Amino acid sequence: MKKFYGLLIGSFLLATIFCVFGQGIAYFLNEHFIPIWPVYYLTGLTILGFLLYLLSAFLIFHSFKKQDSTYKYLEPIVVLLFIAAFSASIWSLFVTAMWWG
């Protein structure tokens, strides 16, 4: 059960970081790694953030499907996932769209 919660919280936090702070991470990657336009890094981080949110949602719904009684904290996690994922994804999509012009 610790591995499940670790993977769930890790993917959720990483997706939130990529979606909210993607612009700063894109500039950092541009300066310290391959010097391509930061918009490509930002687009990749946005897509990666979406995929990690989908992984979190899949893990939660898979555990609901198993009907495990040990996962008693999943209802608040689902509410947090939908509120945070929706707002962070919209923000990330808005920033990426503004960068692309």
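Only a predicted model underlies this, so the values are computations on that prediction, with no experimental measurement involved.
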Please tabulate, for the side chains in residues 78-88, all donor-acceptor contacts under 3.5 angstrom to protein atoms that are two or more places apart in sequence or on a different chain.
from	atom 1	to	atom 2	distance (Å)
Ser87	OG	Ile83	O	3.0
Ser87	OG	Ala84	O	3.2

N/O donor to acceptor pairs below 3.5 angstrom from side-chain atoms of residues 15-27, sequence neighbours left out:
from	atom 1	to	atom 2	distance (Å)
Thr16	OG1	Phe12	O	2.8
Thr16	OG1	Tyr53	OH	2.8

Between atom [atom1] of [X] and atom [atom2] of [Y], what is the distance when rounded to the nearest 0.5 Å?
{"X": "Leu13", "Y": "Leu8", "atom1": "CG", "atom2": "CG", "answer": "9.5 Å"}
{"X": "Leu42", "Y": "Asn30", "atom1": "CG", "atom2": "CG", "answer": "11.5 Å"}
{"X": "Ile9", "Y": "Ser56", "atom1": "CD1", "atom2": "OG", "answer": "10.0 Å"}

Worksheet entry | Cluster link Met98 to Leu45, ILVMFWY, side chain under 4.5 Å | yes

Practice prompt. Kindly work out whether a path of hydrophobic side-chain contacts (I/L/V/M/F/W/Y, heavy atoms less than 4.5 Å apart) joins Leu54 to Leu14.
Written response: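 No.
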
Those residues that, when tested against [X], pass side-chain contact (heavy atoms from CB on, under 4.5 Å) (two or more places apart):
{"X": "Ile47", "value": "Thr43, Leu51"}
{"X": "Leu93", "value": "Phe50"}
{"X": "Phe58", "value": "none"}

Listed pairs under 3.5 Å, donor-acceptor, residues 32-40 side chains, sequence neighbours left out:
none

